[in-house]
Amino acid sequence: MANCRSSYSDPTAQNPSNFASSGCAGVCMMSSKWRDEQHPSFINFISSFLSANSFRLNFVLVAPDFIFNCGGMSISFVLLTNWDCHNTAVVFSRIKKLKEQFAHFYVVLALPTREQNDSFVHSYFKYGMELGRPTFVPVQDREMGFEKIVKIAHSRGVCKRQDAISKLKAERRRAVQTMDVFLRVVTSIPLIDNHDANALNQAIGSIEAIAKASKTYILENTDLSAEKAEMIVRFFRDPKLYLSPKIN
């Protein structure tokens, strides 16, 4: 379909400002080989649909038909727009290879007729496909198929971002809890208050590092008085101090 190429061009080259905003939902990489096999009107539909949903489109040489990068996750797709009942072996051979190469892989296929649907179901079992490896998504037409692809990619990206945010919040909670423990331990040293504990944390670091620090090092790196520095050194070296309760 070489005659199709002149009918459209890379929309990212035509309208770079459309995708420069921070609101970009992700990047869609379309196989240039797959593109050249499609009707130009369908490629224009894809370009418009991606732009409307804040996705950036690139044409590249990739093994799947599409790779979406959303929220730090890559999701790969094969989009079969014309199911050939007499050429199923080639299709499933390709799918089996791709499922081993891509962790997040979906096959979307347009099956508008009963004959095509029956052919797909028969072929699915004939070629020994595993349920969910990959996930097959039958649709009525190619436009619906691409819309499904974008919805899947977007939802996987959102889940990935939410998971990352949850992990970040958990790390922050652990950091707060760790700092709370640090303050309670360090302020249990006679004469040392919260200001002193924070100064020691910023300048020296962990409780272990503070325990190993000399009086001179503490005085050179913090605003603590000589009396407090001496008390810290004694506290970690004199069992009579660190084993006795602090009296406020």
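Note that the structure is predicted; figures quoted are calculated from it, not measured.
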| When rounded to the nearest 0.5 angstrom, what is the spacing between CG in Leu200 and NE2 in His195? | 9.0 Å
| Looking at Arg94, Arg35, Lys33, which one forms a salt bridge (charged side-chain N to carboxylate O under 4.0 Å, His left out) with Asp65? | Arg94
| request: Determine the minimum heavy-atom distance between Ala213 and Val233, stating which atoms define it. | output: O-CG2, 3.9 Å
| request: Might you confirm whether atom CD of Glu208 has over 12 heavy atoms from other residues, nucleotides or ligands at distances under 6.0 Å? | output: no
| If we ignore angles and hydrogens, is there a donor and acceptor under 3.5 Å between the side chains of Ser74 and Asn69? | yes
| field | Steps toward side chain to side chain contact (heavy atoms under 4.5 Å, CB included) verdict (Phe59, Ser31) | value | CA-CA 6 Å; Phe59 299 124; Ser31 164; over 6 Å; no
| Would you call His154 and Cys70 a side-chain contact if the rule is heavy atoms closer than 4.5 Å? | no
| message | For residues Val107 and Val62: do they belong to one hydrophobic cluster (side chain heavy atoms under 4.5 Å, members Ile, Leu, Val, Met, Phe, Trp, Tyr)? | response | yes
| Do Lys96 and Glu100 pass the salt bridge (Lys or Arg N to Asp or Glu O under 4.0 Å) test, and can you show the C-alpha distance, the side-chain angles, and the key distance before you say yes or no? | CA-CA 7 Å; Lys96 285 184 176 181; Glu100 301 301 329; over 6 Å; no
| Step-by-step side chain to side chain contact (heavy atoms under 4.5 Å, CB included) determination, Asn58 to Met30 | CA-CA 6 Å; Asn58 292 329; Met30 180 194 296; over 6 Å; no
| said: Applying side chain to side chain contact (heavy atoms under 4.5 Å, CB included) to Met29 and Phe66, what does each step give before you reach the verdict? | reply: CA-CA 6 Å; Met29 292 179 285; Phe66 298 92; over 6 Å; no
| query | Using a distance-only test with no angle check, is there a side-chain donor-acceptor pair under 3.5 angstrom linking Ser119 and Gln116? | reply | no
| request: Might you point out which heavy atoms bring Pro64 and Ser76 nearest each other, and give the distance in Å? | output: CG-CB, 3.9 Å
| Do you know which two heavy atoms are closest between Leu224 and Ala199, and how far apart they sit? | CD1-CB, 4.2 Å
| said: For the backbone of Asp84 and the side chain of Asn87, can you confirm whether one donor and one acceptor N or O come within less than 3.5 Å of each other? | reply: no
| said: Side chains of Ser188 and Phe235, heavy atoms from C-beta outward: is any pair under 4.5 Å? | reply: yes
| Can you name the one residue among Phe136, Phe77, Phe68 that meets ring pair (Phe, Tyr, Trp, His ring centres under 6.0 Å) with Tyr106? | Phe77
| note | Output for pair (Leu111 CG, Asn117 CG), nearest 0.5 Å, gives 5.5 Å
| request: Determine whether Phe146 and Ile67 fall in the same hydrophobic cluster, where Ile, Leu, Val, Met, Phe, Trp and Tyr are linked whenever their side-chain heavy atoms lie under 4.5 Å apart. | output: no
| Between Leu98 and Ile152, is there a shared hydrophobic cluster once you connect ILVMFWY residues whose side-chain heavy atoms come closer than 4.5 Å? | no
| query | Atom NZ of Lys212 and atom CZ of Arg237: how far apart are they, to the nearest 0.5 Å? | reply | 11.0 Å
| Is Val121 reachable from Val137 through a run of I, L, V, M, F, W or Y residues, each pair having side-chain heavy atoms under 4.5 Å apart? | no
| message | As an exercise, state the distance from SG of Cys28 to CG of Leu50, rounded to the nearest 0.5 Å. | response | 5.0 Å
| Atom CD1 in Ile46, atom OG in Ser41: separation rounded to 0.5 Å? | 10.0 Å
| query | Heavy-atom distance under 4.5 Å between the side chains of Phe45 and Ser48, does that happen here? | reply | no
| task | Taking all heavy atoms of Phe55 and all of Val27, pick out the closest pair and write down the distance. | result | CD2-N, 4.1 Å
| field | Side-chain donor or acceptor of Asn221 paired with backbone N/O of Tyr217 under 3.5 Å | value | yes
| Heavy-atom pair with the smallest gap, counting every atom of Ala226 and Lys215 | O-CE, 3.7 Å
| Heavy atoms, side chains only, cut-off 4.5 Å: are Trp34 and Leu79 in contact? | yes
| query | Where do Pro190 and Met231 come nearest, in terms of heavy atoms and distance? | reply | O-CG, 3.1 Å
Would you tabulate the side-chain donor-acceptor contacts of residues 125-134 under 3.5 Å, counting partners in other chains and residues two or more places apart, or write 'none'?
residue, atom, partner, partner atom, Å
Tyr127, OH, Thr88, OG1, 3.4
Tyr127, OH, Ala89, N, 3.4
Glu130, OE2, Arg133, NH1, 3.2

| Can you get from Leu183 to Leu191 by hopping between Ile, Leu, Val, Met, Phe, Trp and Tyr side chains that sit under 4.5 Å apart? | yes
| said: Are the side chains of Asn194 and Thr187 in contact, using a 4.5 Å heavy-atom criterion? | reply: yes
| query | Relative to the ring of Phe102, is the ring of Phe105 parallel (under 30°), tilted (30 to 60°) or perpendicular (over 60°)? | reply | tilted
| field | Side chains of Arg142 and His39 in contact at under 4.5 Å (non-hydrogen atoms) | value | yes
| Flag, side chain of Ser51 to backbone of Ser47, donor-acceptor distance under 3.5 Å | no
| message | For Lys151, is there any backbone N or O sitting under 3.5 Å from a side-chain donor or acceptor partner on Ser155? | response | yes
| field | side chain to side chain contact (heavy atoms under 4.5 Å, CB included) between Ile232 and Ile192, worked out | value | CA-CA 8 Å; Ile232 291 169; Ile192 304 300; 3.8 Å; yes
| field | Straight-line distance of Lys148 NZ to Leu109 CG, nearest 0.5 Å | value | 12.5 Å
